[in-house]
Amino acid sequence: MPTKLKIPKTKSYPQLKKLLDKHFSLFIRQRGSKENYNRCFTCGAWKEIKDLHCGHYVSRTYIGTRWDETNCWPQCPSCNLFHEGMKDEFARMLIAKFGNNILDILAYKKKNSPKFTAKELEILIQVYKEKLKTL
């Protein structure tokens with residue numbers, strides 16, 4: 001009996017976005033961590049990586065900044081959910097880290113980035129898998 005060829009299943013666009021979200025979030029939460037702990041970007045509290053969120057200054061609904069490493073930082077659930085992202089403090093921290101133009105840069109990216117193709121999402125998934133290995 002001939003063997004059946006296994007054709008890899010291609011993932012849908014929403015599946016690729018979800019997978020990229022997973023790897024990107026893990027990277028953001030682990031970036032700069034010490035012994036499985038990291039600091040909330042907005043309040044400074046130390047939390048286990050598993051208890052942190054990937055906080056976004058510009059909402060993740062905007063695809064142009066959804067996976068932008070400048071826009072995303074570890075946040076504790078209190079800041080990210082219960083205090084709606086602590087946007088004022090988030091902005092102050094971004095300016096302190098990257099300079100006065102960072103909010104304008106993110107606002108531009110939010111409105112002017114084209115939609116990613118499925119192939120680009122696949123590439124980004126591989127990029128963040130590799131970045132995670134180097135942390």
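Keep in mind that what you see is a predicted model, and the values were worked out from it rather than measured.
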Count the heavy atoms of every other residue, nucleotide or ligand shown that sit under 6.0 Å from OH of Tyr37, and state whether that count exceeds 12. no
> Are Leu16 and Glu122 close enough, and set up right, to give a side-chain contact (heavy atoms from CB on, under 4.5 Å), and what steps lead you there?
Replying inline: CA-CA 7 Å; Leu16 289 170; Glu122 289 173 350; 3.7 Å; yes
- Does Lys115 use its side chain to pair, donor to acceptor, with the backbone of Ile63 at less than 3.5 Å? no
Of Asp68, Asn71, Asp104, Thr70, the one forming a side-chain hydrogen bond (donor to acceptor under 3.5 Å, both in side chains) with Lys109 is Asp68
What one should report as the nearest heavy-atom pair of Gly64 and Ser113 is CA-CB, 3.3 Å
d(Phe24 CZ, Arg60 CZ) to nearest 0.5 Å is 10.5 Å
Cation-pi, Trp73 ring and Arg31 (6.0 angstrom, 45 degrees):
yes
Does Ile123 offer a backbone N or O that forms a donor-acceptor pair with the side chain of Gln126 under 3.5 Å?
no
Linking I/L/V/M/F/W/Y whenever any side-chain heavy atoms sit under 4.5 Å apart, do Ile95 and Tyr57 land together?
yes
Minimal heavy-atom distance between Ile125 and His23, with the atoms involved, is CG2-CD2, 4.0 Å
Check: His56 side chain, Cys54 main-chain N or O, donor-acceptor pair, under 3.5 Å:
yes
Of all heavy-atom pairs linking Tyr13 and Ala118, the shortest is CE1-N, 3.9 Å
Margin query: Pairing donors with acceptors under 3.5 angstrom, does anything connect the side chains of Ser33 and Arg29?
Written below: no
inquiry  = With clusters defined by side-chain heavy atoms of hydrophobic residues (ILVMFWY) lying less than 4.5 Å apart, directly or transitively, does Ile28 cluster with Phe41?
reply    = no
Requested in this report: Would you sort out whether Lys111 and Tyr62 count as a side-chain contact (heavy atoms from CB on, under 4.5 Å), showing the intermediate values?
Outcome: CA-CA 8 Å; Lys111 293 181 180 177; Tyr62 295 96; 5.9 Å; no
query: Is the closest side-chain heavy-atom distance between Leu132 and Gln30 below 4.5 Å?
result: yes
Practice problem: Keeping the roles fixed (side chain from Thr134, backbone from Lys131), state whether a donor-acceptor pair exists under 3.5 Å. | Solution: yes
Rounded to the nearest 0.5 Å, the CG atom of Leu52 sits from the CG atom of Leu26 at a distance of 11.0 Å
message: With a 4.5 Å cut-off on side-chain heavy-atom distances among I, L, V, M, F, W and Y, is there a chain of contacts connecting Met86 to Ile102?
response: no
**Q.** Working for side-chain contact (heavy atoms from CB on, under 4.5 Å), residues Cys76 and Cys43
**A.** CA-CA 8 Å; Cys76 67; Cys43 77; 3.8 Å; yes
Smallest heavy-atom separation, Pro74 atom then Arg39 atom, equals CB-O, 3.8 Å
Are Ile49 and Tyr128 linked, directly or through intermediate hydrophobic residues, by side-chain heavy-atom contacts shorter than 4.5 Å (ILVMFWY only)? no
What one should report as the nearest heavy-atom pair of Thr65 and Ser59 is OG1-O, 4.2 Å
* Asked: With no hydrogens and no angle check, is any side-chain donor or acceptor of Gln75 less than 3.5 Å from a backbone partner on Gly85?
  -> yes
To the nearest 0.5 Å, atom CG of Leu94 lies from atom CG of Asn100 at 12.0 Å
Discussion item. Between Gln15 and Ser12, is the side-chain hydrogen bond (donor to acceptor under 3.5 Å, both in side chains) condition met? List the steps.
Written reply: CA-CA 5 Å; Gln15 289 172 322; Ser12 68; 3.2 Å; yes
Closest non-hydrogen atoms of Cys72 and Arg66, given as atom of the first, atom of the second and distance, are SG-O, 3.6 Å
Original post:
Does atom NZ of Lys11 have more than 12 heavy-atom neighbours from other groups under 6.0 Å away?
Top reply: no
Here the ring-ring contact (aromatic ring centres under 6.0 Å, His included) pairs for residues 96-124, sequence neighbours left out, are Trp67-Phe116
In this structure, OG1 of Thr42 is separated from CG of Asp88 (nearest 0.5 Å) by 11.0 Å
CD of Glu89 to SG of Cys40, rounded to nearest 0.5 Å, is 9.0 Å
Separation between CG (Leu124) and CG (Leu20), nearest 0.5 Å, reads 5.5 Å
